[in-house]
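The structure presented is a predicted model; accordingly, all values stated were derived computationally and were not measured.
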Amino acid sequence: MRIAILHYTLPPTIGGVERVIRDQAAAMRKLGHEVKMLTRKDEFHPKGFDAVLIHNVMTMPFDLEWTRKLHALAAQHPEIRWVNWVHDVAAVNPAYAHLGWQEPVPEMLHAAVSEVRRADYARATGLPLESIHVIPNGIDLASVLGLTPRIATLPLWDRALVLVHPTRLVRRKNIELGLRVLSALRAKGCDATYIITGAPDPHQADGMAYHRELTDLVNELDLTEHVLFLGDRGPLGDDDVRSLYAVADALFFPSMGEGFGLPLLEALAHRLPIFCSNLRVHGEVLGETGHYFQIDAEPKEISAQIMRWLKNNQPTRHRRLLRQNFDMLKICQERLEPLLLTANECPAT
């Protein structure tokens, strides 16, 4: 579809609506649509578009001449899907009471950003609630978190637990314990994934042999879909590693020997909880902030420790809430596209 998005101002102007339309435009482009963002200063011919999304212009008194012009254009071109996108309603806002402003209801589809705004707009216009669709604002999660494209495309958003292990593939890093703990977590019904950042260490003669052993163990434990050896696809940059910390729920660091353990500091900087072996140096670095386990502990015992923490802290509930309800791409795909494709036949949600 060819879609126009109209608002008083556009990005890079800073504002809530400006950010919403920026991400909305980007999401609709990802879904294969042609999108233009326009203000009154831009040349606008509605015949060139299949749909026109008008954000706040029909409900706020900042340019009433433009508001009335859009009313007229919508009446003249009923073949176009016009959407009155309601972020704010001047008619029910005491701050605008002195204007005595009351514009007629536009001949358009109506989309409010929340149930509250839906009720406000229904009260101001007399429209039945069911005639006003609710399409919430959303965000581009990858953009907000500053993720690199490489990390943004990983299948992590719907996981119940994401464990990250920044390391090269050397034996003292004890990656096989991480794999067995992952298997134990999944056996308990936890949809966990385990990310290892590095490739075989070129300075270690048996690096490739260790990699093959780990791969065999992944297959033996049936974890192919739940373990990511990111180093297999080339080295990660610093920005990629920072992105991993941003999407991970915890650092898993089961080393059998360390002189320090720099990832511990990086995880602390990103406010990640840390599950690590009880090496003396780990205690020296982390003190009481680490979640420690014995190096020779059973994987089931370590997984139970992680599950207790997961139950008590529920760290992934924020990601699930954002992903399920406020991911802009998902909102556009599941709510906006059906509205535009079926127009007035689409039921309010």
Quick check: do [X] and [Y] have side-chain heavy atoms less than 4.5 Å from each other?
| X | Y | result |
| --- | --- | --- |
| E337 | C332 | no |
| D240 | L244 | no |
| V181 | I306 | yes |
| V218 | L221 | no |

### Task
Apply side chain to side chain contact (heavy atoms under 4.5 Å, CB included) to the pair L340 and V83, showing each step before the final yes or no.
CA-CA 9 Å; L340 297 182; V83 182; 3.8 Å; yes
Mind checking whether [X] and [Y] sit in one hydrophobic cluster, side chains of I, L, V, M, F, W, Y counted as touching below 4.5 Å?
| X | Y | value |
| --- | --- | --- |
| L339 | W85 | yes |
| V162 | L264 | yes |
| Y245 | W157 | yes |
| I175 | L279 | no |
| F275 | V164 | no |

Decide whether [X] and [Y] meet the rule of one side-chain donor and one side-chain acceptor closer than 3.5 Å.
| X | Y | result |
| --- | --- | --- |
| T148 | D239 | no |
| E18 | Y8 | no |
| H71 | E107 | no |
| H110 | N84 | yes |

Write down the atom of [X], the atom of [Y], and the distance for their closest heavy-atom approach.
| X | Y | value |
| --- | --- | --- |
| I295 | S255 | CD1-O, 4.1 Å |
| S277 | P254 | OG-C, 3.6 Å |
| F49 | A4 | CD2-N, 3.6 Å |
| K47 | I80 | N-CD1, 4.2 Å |
| L161 | C190 | CB-SG, 3.9 Å |

Distance, nearest 0.5 Å, that separates [atom1] of [X] from [atom2] of [Y]:
| X | Y | atom1 | atom2 | answer |
| --- | --- | --- | --- | --- |
| N137 | I21 | CG | CD1 | 11.0 Å |
| L154 | L230 | CG | CG | 6.0 Å |
| N174 | F253 | CG | CZ | 11.0 Å |
| H55 | L6 | NE2 | CG | 8.5 Å |
| S243 | L145 | OG | CG | 8.5 Å |
| R68 | M58 | CZ | CE | 10.5 Å |

Flag if over 12 foreign heavy atoms under 6.0 Å of [atom1], [X]:
| X | atom1 | value |
| --- | --- | --- |
| I14 | CD1 | no |
| K330 | NZ | yes |
| D238 | CG | no |

Answer yes or no: is there a donor N or O on one side and an acceptor on the other, between the side chain of [X] and the main chain of [Y], under 3.5 Å?
| X | Y | answer |
| --- | --- | --- |
| T67 | D63 | yes |
| T153 | R150 | yes |
| N93 | V89 | no |
| R335 | I135 | no |

### Task
Look at the aromatic rings of H211 and F229 and report parallel, tilted or perpendicular, splitting at 30° and 60°.
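Correct class here is perpendicular.
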### Message
Check the orientation of F252 and Y194. Use parallel for under 30°, tilted for 30 to 60°, and perpendicular for over 60°.
### Response
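Because their plane-to-plane angle is over 60°, the rings of F252 and Y194 count as perpendicular.
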### Query
Do the ring centers of H282 and Y292 come within less than 6.0 Å of each other?
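No, too far apart.
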### Partner of Y210 under side chain to side chain donor-acceptor pair (under 3.5 Å), chosen from R168, K173, E176
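Filter result, single survivor: E176.
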For the pair [X] and [Y], find out whether any cationic side-chain nitrogen is under 4.0 Å from an anionic carboxylate oxygen.
| X | Y | result |
| --- | --- | --- |
| R40 | E65 | yes |
| D88 | R117 | yes |
| E298 | R180 | no |

### Task
Test salt bridge (Lys or Arg N to Asp or Glu O under 4.0 Å) on E258 and R172 and set out the steps.
CA-CA 8 Å; E258 291 286 348; R172 66 181 175 83; 3.5 Å; yes
### Message
Give me each pair satisfying side chain to side chain donor-acceptor pair (under 3.5 Å) with a member in residues 213-229, each pair once, sequence neighbours excluded.
### Response
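For residues 213-229: R159-H226, R171-E213, R186-H226, N219-T224.
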### Query
How does the hydrophobic cluster around V20 look, that is, which other residues are in it when side-chain heavy atoms under 4.5 Å mark a link?
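Cluster partners of V20: M328.
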### Query
Residues in ring-ring contact (aromatic ring centres under 6.0 Å, His included) with H77, at least two apart?
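Not a single residue meets the ring-ring contact (aromatic ring centres under 6.0 Å, His included) criterion with H77.
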